[in-house]
Amino acid sequence: MDRIKRLVLASASPRRKELLAQIGITPEIVPSTIDEMITTDVPEEAVMELSRQKAEDVAARQKPGTCVIGADTVVAAGGEILGKPASHQEAYRMISMIEGRTHQVYTGVTLVYCGQKGNRVKTFVEKTDVRLYPMSDEEIKAYSDGAEPMDKAGAYGIQGKFAAFIKGIDGDYNNVVGLPVGRVYQEIKEMFKQEEKE
């Protein structure tokens with residue numbers, strides 16, 4: 001890891017920054033400014049595509065020795081991608097779709113290491129299954145009318161009030177928060193082993 005002169009997070013997400021801080025990484029925050037374009041409705045492919053667009057957009061303006069982390073998280077229920085709700089009504093619809101059922105959270109991550117001889121790029125996806133308790137209409141309405149769902153994929157935050165409805169998860173909890181930091185750390189380490197061999 002000492003080969004990295006700068007580590008840049010291509011996201012303004014406070015949750016991703018906190019997750020990296022938890023494992024001792026303090027990134028520079030340089031959010032991507034691209035218009036996000038998805039060309040697929042397959043959740044795994046969509047998050048990989050978006051994370052790559054964000055990471056490459058930011059990496060194009062970095063000096064050699066910089067490692068850029070781009071990430072994108074979506075919730076998928078019954079094959080439909082649930083992004084961030086545009087309104088409280090949309091948050092209500094999304095929560096209604098996932099309550100009492102199991103849904104998936106996908107985070108795509110792209111690492112771009114800006115080397116002297118060009119960039120090294122690695123993209124991967126992490127999936128976590130989340131099981132929810134049934135919710136009454138009053139509970140769905142009370143939650144979806146609050147501020148918490150508005151900036152989150154799938155209209156909920158597992159680390160907030162919504163924890164009351166989480167029955168269990170299969171996979172990485174941090175992935176549901178927004179970044180599978182354990183896997184990110186291991187993939188960065190692996191990337192540098194490859195770099196050193198060359």
Side-chain angles (χ1 to χ4, degrees), residues 9-22 27 29 31-38 41-51 53-55 69-110 125-184:
L9 178 62
S11 164
S13 162
R15 292 170 294 281
R16 291 192 180 121
K17 186 182 171 189
E18 281 162 21
L19 287 166
L20 287 167
Q22 192 182 320
I29 307 297
S32 163
T33 54
I34 54 155
D35 289 330
E36 298 178 8
M37 295 286 293
I38 309 181
D41 54 8
V42 178
E44 298 97 310
E45 292 171 11
V47 290
M48 286 171 72
E49 202 173 345
L50 287 172
S51 75
Q53 288 173 17
K54 292 175 186 178
I69 302 171
D72 194 78
T73 302
V74 298
V75 169
E80 185 184 336
I81 294 176
L82 307 181
K84 294 175 184 175
S87 65
H88 292 289
Q89 288 82 359
E90 201 179 345
Y92 176 88
R93 184 186 74 83
M94 289 181 183
I95 301 294
S96 300
M97 282 177 73
I98 60 176
E99 65 86 20
R101 300 170 53 201
T102 299
H103 65 272
Q104 288 66 45
V105 177
Y106 296 92
T107 299
V109 179
T110 297
V125 66
E126 190 73 32
K127 178 186 102 159
T128 304
D129 287 322
V130 182
R131 299 187 306 281
L132 298 185
Y133 286 109
M135 295 169 71
S136 69
D137 195 57
E138 290 75 28
E139 287 170 328
I140 298 171
K141 190 153 176 28
Y143 184 77
S144 57
D145 280 349
E148 194 174 283
M150 298 319 291
D151 68 335
K152 297 176 183 70
Y156 77 90
I158 195 169
Q159 72 282 29
K161 290 178 188 159
F162 203 74
F165 308 109
I166 305 290
K167 193 172 188 179
I169 69 165
D170 295 308
D172 183 348
Y173 170 84
N174 291 326
N175 188 47
V176 185
V177 179
L179 194 68
V181 282
R183 176 119 184 242
V184 167

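Since the structure is predicted, the reported quantities are computational estimates derived from the model, not experimental observations. The first residue of the sequence shown is numbered 1, and numbering continues consecutively from there.
In summary, of the residues considered (Glu99, His88, Glu148, Lys161), a side-chain hydrogen bond (donor to acceptor under 3.5 Å, both in side chains) with Tyr143 occurs for Glu148 alone. Evaluated for a side-chain hydrogen bond (donor to acceptor under 3.5 Å, both in side chains) with Thr107, the options Asn174, Asp172, Thr73 yield exactly one hit, Thr73.
Residue Leu20 holds its CG atom at 5.5 Å from CG of Leu179, rounded to the nearest 0.5 Å. Annotation: the span from Ile81 atom CD1 to Tyr106 atom OH amounts to 9.5 Å, rounded to 0.5 Å. Note that OG of Ser144 and CD of Gln89 are 8.5 Å apart. Values are rounded to the nearest 0.5 Å.
Closest of all the heavy-atom pairs between Ser13 and Ser11 is N-OG, 3.0 Å. Of all the heavy atoms in Val74 and Pro43, the pair that sits closest is CG2-CB, 4.3 Å. Minimum heavy-atom separation, Ser51 to Gly108: CB-O, 3.2 Å. Between Ala77 and Ile98 the shortest heavy-atom distance is CB-CG2, 3.7 Å. Here the closest non-hydrogen pair linking Pro149 and Ala155 is CB-O, 2.9 Å. The minimum heavy-atom distance linking Ala12 with Pro31 is given by the pair CB-CG, 3.9 Å.
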Check the pair Ile69, Val184 against side-chain contact (heavy atoms from CB on, under 4.5 Å), reporting the backbone distance first and the verdict last. CA-CA 9 Å; Ile69 302 171; Val184 167; 4.1 Å; yes

side-chain contact (heavy atoms from CB on, under 4.5 Å) between Val130 and Ile166, worked out: CA-CA 7 Å; Val130 182; Ile166 305 290; 4.0 Å; yes

Met97 vs Leu82, test: side-chain contact (heavy atoms from CB on, under 4.5 Å). Steps then yes/no. CA-CA 10 Å; Met97 282 177 73; Leu82 307 181; 4.0 Å; yes

Begin with the C-alpha distance, continue with both residues' side-chain angles, and end with the deciding distance and a verdict on side-chain contact (heavy atoms from CB on, under 4.5 Å) for Lys54 and Asp72. CA-CA 9 Å; Lys54 292 175 186 178; Asp72 194 78; 2.9 Å; yes

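Of the possible donor and acceptor atoms, one in the side chain of Glu90 sits under 3.5 Å from a partner among the backbone N and O of Ala86. Lys17 contributes no side-chain N or O that, together with a main-chain N or O of Pro27, makes up a donor-acceptor pair within less than 3.5 Å. Checked by atom type and distance alone, the side chain of Glu139 pairs as donor or acceptor with a backbone atom of Ser136 at under 3.5 Å. Listed for the Asn175 side chain is a donor-acceptor partner under 3.5 Å among the backbone atoms of Glu126.
Side-chain contact between Gln159 and Tyr173 is present, with at least one heavy-atom pair separated by less than 4.5 Å. Inter-residue side-chain proximity for Ile158 and Phe165 is flagged as unmet; no heavy-atom pair is nearer than 4.5 Å. By the 4.5 Å heavy-atom criterion applied to side chains, Arg16 and Leu9 are counted as neighbours. Side-chain contact between Met135 and Ile95: present, with at least one pair of heavy atoms (C-beta onward) separated by less than 4.5 Å.
Using a 4.0 Å cut-off between charged side-chain N and carboxylate O, Arg15 and Asp151 make a salt bridge.
Looking only at atom types and distance, the side chain of Thr102 has no donor-acceptor partner in the side chain of Arg131 under 3.5 Å away.
Between His103 and Tyr156, the distance separating the two ring centers is shorter than 6.0 angstrom.
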